[in-house]
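For reference, positions follow the sequence shown, starting with 1. This is a predicted model, so every value here is computed, not measured.
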Amino acid sequence: MRGFRSWFVGSRFRRTAIAGAFGIAGGLPALGAEVDSTSTPSVQAAPTEQPGADASQRLERFRWAVIGSAHAYREPQMRIVGPAIGLRAEAYVRAGEVPVRLEGELAAGVANYSSPESGTIEGFPRIGSMFHLQDAAIDENRWIPRPGIGISTEWTDLRGQSSLGKQGYERFNLALWLSATWDLEREREAGSTRLRAAFMVQGWQSSMLNQANPTYLNVINRQRRGALVSIERPFQVDETRWAARLSFRAVGRSDLVDAGQAPVYEPSNRTLELTLSIWQ
């Protein structure tokens, strides 16, 4: 594959960048990993308190939903797109005098990979998840955000051979986020519009390079730059409550890790996802 950047040409190392999901015949693995050519105001609780419950800790509200999503992930030299279905849940808990909201979702689906250098592969499995904890107290000023912390995961299994005969491997990403959430349009009968922004504290990208090429080592690259923004709007159809969410995530280039044959890094990437929830 060609070098990851044109200014790499003429470098005293002259190694080949790898981008995308598959190894080059007789050489380097690629899905995602790349070879570097250089060595407060008063507040009120969101849910209604239940009389007679334990004052120190109690569950005030719980709900769950079936979700469907369309996922699109892009790096400079490759794309992963596909649908997924799964479950989502929210719980409001009061710990002492502090109300908190717990969120979690898990979705699995199939996706298609494409790269101008490595070819295509269709129908491979993908699983993504998100867990989020935040303050559930709502400030009278709707523009004051509620802080939170989140964990996201993403697993894709690209083992096998592409349309051009390149070998792929498994990838797993784990990221820790600090977030701020705004509940807007609180007067809407269907529910408030939820706006969330988050910044990556740390990300870990595991690439099983040895599955594509035995001469390479499996690596874990660290990601230190990333941002996420999402907006979700609930609506109601007859007696059923729905919600539509659009989210965008951008992650910068990772650090360099020795993979045995050459140092590798995870390139910058972008993810766009549209999720539809049907609350039960």
Side-chain angles (χ1 to χ4, degrees), residues 32 63-76 78-91 101-113 125-136 142-143 145-156 171-185 188 190-205 223-235 241-252 254 266-279:
R63 64 174 183 165
W64 65 277
V66 177
I67 61 174
S69 64
H71 176 91
Y73 171 93
R74 179 185 289 273
E75 291 180 4
M78 68 92 137
R79 294 181 63 202
I80 293 176
V81 298
I85 59 173
L87 296 174
R88 173 184 181 185
E90 288 185 358
R101 183 170 72 195
L102 305 172
E103 302 175 41
E105 63 184 70
L106 178 68
V110 294
N112 299 327
Y113 166 91
R126 182 187 74 84
I127 299 176
S129 71
M130 182 279 294
F131 302 94
H132 192 261
L133 171 66
Q134 74 170 45
D135 182 8
R142 70 186 62 195
W143 295 107
R146 289 184 284 172
I149 187 170
I151 295 175
S152 64
T153 68
E154 181 78 17
W155 172 78
T156 52
R171 292 158 42 96
F172 179 78
N173 183 270
L174 172 67
L176 179 65
W177 304 83
L178 288 179
S179 68
T181 303
W182 293 263
D183 287 305
L184 309 176
E185 301 177 315
R188 293 182 68 245
S192 61
T193 297
R194 182 181 299 173
L195 176 66
R196 177 171 292 163
F199 295 94
M200 178 183 288
V201 177
Q202 183 81 49
W204 297 266
Q205 177 71 34
Q223 299 165 319
R224 295 185 174 88
R225 293 177 300 146
L228 181 152
V229 62
S230 70
I231 184 167
E232 182 172 43
R233 186 176 179 86
F235 59 97
R241 292 185 175 272
W242 300 64
R245 182 183 67 211
L246 181 66
S247 60
F248 175 76
R249 180 174 62 191
V251 178
S254 74
E266 188 69 14
S268 60
N269 57 81
R270 306 289 183 267
T271 301
L272 184 67
E273 192 166 65
L274 177 63
T275 303
L276 189 64
S277 302
I278 307 175
W279 292 103

First locate atom OG1 of Thr181, then atom CG of Leu195, and finally report the distance between them rounded to the nearest 0.5 Å. 8.0 Å
Does the side chain of Leu174 come within less than 4.5 Å of Ile151's, by heavy atoms? yes
Pairing residues for Glu103 by the salt bridge (Lys or Arg N to Asp or Glu O under 4.0 Å) criterion, not counting sequence neighbours: Arg101, Arg194, Arg196
Here the gap from His71 atom NE2 to Glu273 atom CD, rounded to the nearest 0.5 Å, amounts to 6.0 Å
How far apart are the closest heavy atoms of Ser254 and Glu266, and which atoms are they? OG-N, 2.7 Å
If the condition is side chain to side chain donor-acceptor pair (under 3.5 Å), which residues does Arg245 pass it with, not counting sequence neighbours? Glu105, Thr275
Heavy-atom pair of closest approach, residues Ile80 and Tyr113: CG1-CD1, 4.1 Å
Step through the shown structure and confirm whether more than 12 heavy atoms of other residues, nucleotides or ligands are within 6.0 Å of CZ on Phe235. yes
How many angstroms lie between CG in Asn269 and OH in Tyr73, if you round to the nearest 0.5 Å? 3.5 Å
Any side-chain heavy atom of Gln202 within less than 4.5 Å of one from Arg224? yes
Mind checking side chain to side chain donor-acceptor pair (under 3.5 Å) for Thr271 and listing every partner two or more places apart, or none if nothing turns up? none
Give a yes or no on whether the backbone of Trp143 and the side-chain of Trp182 come within a donor-acceptor separation of less than 3.5 Å. yes
Identify the two heavy atoms, one from Trp155 and one from Phe172, that lie closest to each other, and give their separation to 0.1 Å. CB-CD1, 3.8 Å
Nearest heavy-atom neighbours spanning Trp279 and Ala65: CE3-CB, 3.4 Å
With a 6.0 Å cut-off (strictly less than), is the heavy-atom count around CD1 of Ile85, excluding the residue itself, greater than 12? no
Residues which pass side chain to side chain donor-acceptor pair (under 3.5 Å) with Glu185, listed by chain and number, not counting sequence neighbours: Thr193, Arg233
Looking only at non-hydrogen atoms, find the nearest pair between Gln134 and Pro147 and report the distance. CB-O, 3.3 Å
Between Ala180 and Pro145 the two heavy atoms that sit nearest each other are CB-CB, 3.7 Å
Those residues at least two apart in sequence (or on a different chain) that pass side chain to side chain donor-acceptor pair (under 3.5 Å) with Ser179 are His132
Quick check: do Ile67 and Leu276 have side-chain heavy atoms less than 4.5 Å from each other? no
Salt bridge (Lys or Arg N to Asp or Glu O under 4.0 Å) against Arg63, all qualifying residues, sequence neighbours excluded: Glu90
I need the Ile127 CD1 to Leu106 CG distance, nearest 0.5 Å. 6.5 Å
Check step by step if salt bridge (charged side-chain N to carboxylate O under 4.0 Å, His left out) holds for Glu154 and Arg126. CA-CA 7 Å; Glu154 181 78 17; Arg126 182 187 74 84; 2.7 Å; yes
So, taking the atom named CZ in Phe248 and the one named CG in Leu228, what distance separates them when rounded to the nearest 0.5 Å? 9.5 Å
To the nearest 0.5 Å, tell me how far Arg225 CZ sits from Met200 CE. 10.5 Å
Does one side chain, of Asn173 or Gln223, offer a donor that lies under 3.5 Å from an acceptor on the other? yes
